[in-house]
Asker: 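Please see the structure below; I have some questions.
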Protein chains: 2
Amino acid sequence: MMLPGEIYQWTSRLKEPELKELMSSSVLLDYNKGEAIIKQGSLASQILFIEDGMAKLNLEEGGRDTTFSFAVNGDFIGLMCSFVKKRLEFSAIAITNSKVRIFDRDVFERLIRENGDFAVYIVTMMSELTNGVVHTLISLSHKNANGAIAMLLLSLERLFRDVKVVLPFTREEMAATLGYSKESVINTLSDFQRDGLITLSGRHMMILNKKALQLIADKG
Amino acid sequence: MMLPGEIYQWTSRLKEPELKELMSSSVLLDYNKGEAIIKQGSLASQILFIEDGMAKLNLEEGGRDTTFSFAVNGDFIGLMCSFVKKRLEFSAIAITNSKVRIFDRDVFERLIRENGDFAVYIVTMMSELTNGVVHTLISLSHKNANGAIAMLLLSLERLFRDVKVVLPFTREEMAATLGYSKESVINTLSDFQRDGLITLSGRHMMILNKKALQLIADKG
DNA sequence: GTCAAATGATGTAATATTACATATTTTTTA
DNA sequence: TAAAAAATATGTAATATTACATCATTTGAC
């Protein structure tokens with residue numbers, strides 16, 4: 001439950017009546033694991049905020065689905081790409097059962113118009129998010145298969161805040177995201193398991209040796 | 001010379017006195033080809049606008065310099081990454097002699113605060129820019145060497161608006177950007193020349209067969 | 001212009017990655 | 001629960017990419 005002015009940082013940028021208006025024009029929806037929260041190609045008419053759960057941000061292109069970011073509890077989902085003119089060019093998929101608050105973009109934009117503090121806060125958040133995504137994508141693209149996979153596993157550990165992770169991908173989806181073949185992903189994961197860095201059972205993974213994984217991510 | 005309200009779209013979002021204030025607190029500087037316009041790690045205290053010339057946006061990391069975007073005449077340089085809290089995490093290098101207008105971030109932010117129209121315009125522009133960068137980086141990372149190089153050459157053609165292009169990279173820098181070895185880049189460029197797709201002489205390139213290059217970029 | 005340094009070109013061996021074939025396991029559906 | 005479908009695993013051959021060695025060319029400083 002979202003209580004004005006206390007749980008989420010950004011709410012403090014809004015005045016009492018502004019926040020009230022925004023909240024009362026919003027809806028809270030439940031999404032099941034695997035469900036699409038945002039479909040690429042839909043009109044950019046909403047701003048989504050994840051109150052509970054996790055989502056992956058995908059870009060579909062050339063028949064491939066690439067995950068380029070994640071969103072967790074307390075994040076605006078893909079905020080840096082949400083204010084486009086026409087249609088959203090990304091999708092968001094719940095990777096756990098999630099509660100998502102849906103704001104109307106017009107109301108949201110009106111607040112940006114009317115509340116300069118809020119506008120600057122949003123602009124700053126967008127820059128930070130974009131920065132992070134660009135950084136991640138470039139790092140990934142310069143790594144070999146081992147390094148890229150290690151990076152992804154570590155980012156999932158941060159996302160879940162736990163060494164136990166449920167992979168939000170099939171091996172093939174993971175391959176598509178990283179730009180390698182599914183066999184490369186499968187083999188590398190097997191290698192990691194054989195070398196005692198992780199345990200694997202279907203989609204359930206546990207990280208056993210974070211330091212070694214980090215080394216592979218850095219060097220690879 | 002920048003004339004209020006007529007040359008650049010964004011100026012029409014500002015009121016006469018706002019634009020006047022912004023312009024009068026700005027400076028126009030000349031940069032020579034190759035010169036650093038923005039240094040990664042510098043304080044995020046300015047917003048830069050390129051009035052004439054071209055620049056490449058680089059991210060340094062792991063000893064490598066990766067170009068992730070370009071800016072030309074009429075662009076804010078790296079706007080989507082410019083409103084970060086502390087230091088800029090990208091650099092910008094002039095790839096032709098350029099005239100750059102330097103705005104003070106505080107003044108710029110004050111306009112975002114005080115002029116809602118302007119705020120929304122900036123937010124929209126940031127989203128569109130981020131969208132484009134993410135799209136480009138993901139496309140590139142899924143291509144083989146030939147495809148990635150073809151993509152880059154075609155994007156340079158669009159940048160220069162001409163089939164004659166002066167490559168803003170050494171072969172090695174191009175390799176760093178694309179995540180391949182310099183030999184792969186050199187060999188592929190040689191192949192392209194041998195196959196009559198381009199002519200090359202040092203950094204001077206001419207695109208002879210755009211369709212074939214596009215095909216390689218799409219398929220590769 | 002000359003020289004030195006940097007950049008570019010090319011061939012080959014080593015390595016990494018993919019593609020294919022096939023068997024096994026897990027998940028889904030009826 | 002059983003059967004079917006999807007996903008995973010594994011070995012091997014084909015392909016792509018890198019790394020190394022060497023030489024040619026271009027660029028920049030003096």
Side-chain angles (χ1 to χ4, degrees), chain A residues 32-35 62-65 93 95 140-153 165-195 197-206 216-217 219-220, chain B residues 32-35 62-65 67 93 95 97 140-153 165-195 197-206 216-217 219-220:
Chain A
N32 290 321
K33 182 175 170 176
E35 224 180 324
R64 255 193 271 242
D65 235 335
I93 314 288
I95 63 182
L140 272 179
S141 76
H142 285 171
K143 298 208 180 295
N144 60 23
N146 280 9
I149 291 167
M151 245 188 94
L152 182 56
L153 298 185
V165 164
V166 180
L167 298 177
F169 307 106
T170 66
R171 310 295 194 263
E172 200 163 3
E173 287 169 341
M174 216 162 139
T177 282
L178 299 173
Y180 291 101
S181 69
K182 69 170 189 290
E183 290 91 341
S184 290
V185 170
I186 288 169
N187 286 330
T188 297
L189 288 176
S190 295
D191 291 348
F192 284 175
Q193 176 155 236
R194 193 171 309 122
D195 297 346
L197 305 182
I198 61 175
T199 57
L200 260 181
S201 170
R203 289 196 175 194
H204 291 265
M205 177 185 72
M206 183 153 69
I216 291 170
K219 288 196 323 178
Chain B
N32 291 320
K33 183 176 169 173
E35 224 180 325
R64 255 193 269 243
D65 235 335
T67 296
I93 314 289
I95 62 181
N97 293 339
L140 272 179
S141 75
H142 285 171
K143 298 207 180 297
N144 60 23
N146 280 10
I149 292 167
M151 244 188 94
L152 182 57
L153 298 186
V165 164
V166 181
L167 298 177
F169 308 107
T170 66
R171 310 295 194 262
E172 200 163 2
E173 287 168 339
M174 216 162 137
T177 282
L178 299 174
Y180 292 100
S181 69
K182 70 168 190 292
E183 291 90 341
S184 289
V185 170
I186 288 169
N187 285 331
T188 297
L189 288 176
S190 295
D191 291 348
F192 284 175
Q193 176 155 235
R194 193 171 307 123
D195 297 346
L197 306 182
I198 61 175
T199 57
L200 261 181
S201 170
R203 289 197 177 194
H204 292 266
M205 178 186 72
M206 182 154 70
I216 291 170
K219 287 198 322 177

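In what follows, chains carry the letters A, B, and so on, assigned in the order in which the sequence lines appear, proteins first and then strands, with residues in each chain numbered from 1.
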Asker: Contact class for A:Gly220 (heavy atom, under 4.0 Å): base, sugar-phosphate, or nothing?
Answerer: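 No contact.
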Asker: Contact class for B:Gly147 vs. all strands (heavy atom < 4.0 Å): base, sugar-phosphate, or nothing?
Answerer: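 Result for B:Gly147 = nothing.
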Asker: Between the protein and nucleotides 26-30 of chain C, list every N/O to N/O distance that falls short of 3.5 Å.
Answerer:
none

Asker: Taking CD in B:Gln193 as the centre, count heavy atoms belonging to other residues, nucleotides or ligands within less than 6.0 Å. Is the count above 12?
Answerer: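 Yes, because the 6.0 Å sphere around CD of B:Gln193 holds more than 12 heavy atoms from other groups.
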Asker: Do you know which two heavy atoms are closest between A:Ser141 and B:Ser141, and how far apart they sit?
Answerer: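 A:Ser141 and B:Ser141 have their closest heavy atoms at CB-CB, 3.9 Å.
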Asker: Let me know the distance between CD of A:Glu183 and C1' of C:dA23, rounded to the nearest Å.
Answerer: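 It is 14 Å, rounded to the nearest whole Å.
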Asker: Please step through side-chain contact (heavy atoms from CB on, under 4.5 Å) for the pair A:Tyr180 and A:Ile149, ending with a clear verdict.
Answerer: CA-CA 10 Å; A:Tyr180 291 101; A:Ile149 291 167; 5.7 Å; no
Asker: If I compare all heavy atoms of B:Ile95 with all of B:Lys33, which pair ends up nearest, and what's the gap?
Answerer: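 Where B:Ile95 meets B:Lys33 most closely, the heavy atoms are O-CG, 3.6 Å.
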Asker: Whether B:Arg171 contacts C:dG8 is assessed here as follows: a side-chain N or O lying under 4.0 Å from the phosphate OP1 or OP2. Is that the case?
Answerer: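 Answer is yes, contact under 4.0 Å.
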Asker: Look at the side chain of B:Thr177 and the backbone N and O of B:Thr67, then say whether any donor-acceptor pair between them is shorter than 3.5 Å.
Answerer: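 Looks like yes, one N/O pair under 3.5 Å.
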Asker: Rounded to whole angstroms, how far apart are CZ on B:Arg194 and P on C:dA9?
Answerer: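 In whole Å, C:dA9 P and B:Arg194 CZ are 11 Å from each other.
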Asker: Do B:Arg194 and B:Asp191 come close enough that some side-chain heavy atom pair is under 4.5 Å?
Answerer: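 Result yes, sub-4.5 Å side-chain heavy-atom pair found.
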Asker: Looking at A:Ile216, A:Leu197, A:Leu167, A:Thr188, which one forms a side-chain contact (heavy atoms from CB on, under 4.5 Å) with A:Leu153?
Answerer: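 The residue from A:Ile216, A:Leu197, A:Leu167, A:Thr188 that satisfies side-chain contact (heavy atoms from CB on, under 4.5 Å) with A:Leu153 turns out to be A:Leu167.
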Asker: Is the shortest heavy-atom distance from the side chain of B:Phe169 to the side chain of B:Leu152 under 4.5 Å?
Answerer: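 Yes, their side chains come closer than 4.5 Å.
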Asker: Measure CG/A:Leu200 against P/C:dT25 and give the value in whole Å, please.
Answerer: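 After rounding, the reported distance stands at 16 Å.
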Asker: Categorize B:Ser184 for me: base, sugar-phosphate, or nothing, with a 4.0 angstrom heavy-atom threshold over every strand shown.
Answerer: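 Result for B:Ser184 = base.
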Asker: For B:Asn187 and for A:Asn187, find the nucleotide of DNA chain C with the closest heavy atom, then tell me which residue's nucleotide is more 5'.
Answerer: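 The residue mapped nearer the 5' terminus is B:Asn187.
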Asker: Once you apply a heavy-atom cut-off of 4.0 Å, does B:Thr170 come out as touching a base, just sugar-phosphate, or nothing?
Answerer: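 It contacts sugar-phosphate atoms only.
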Asker: Could you tell me the boundaries of the chain A footprint on DNA chain D, defined by atoms under 4.0 Å from its heavy atoms?
Answerer: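 Listing 5' to 3', DNA chain D meets chain A from D:dT8 to D:dT10.
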Asker: With a 4.5 Å cut-off on side-chain heavy atoms, are B:Glu173 and B:Thr170 touching?
Answerer: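 Yes, their side chains come closer than 4.5 Å.
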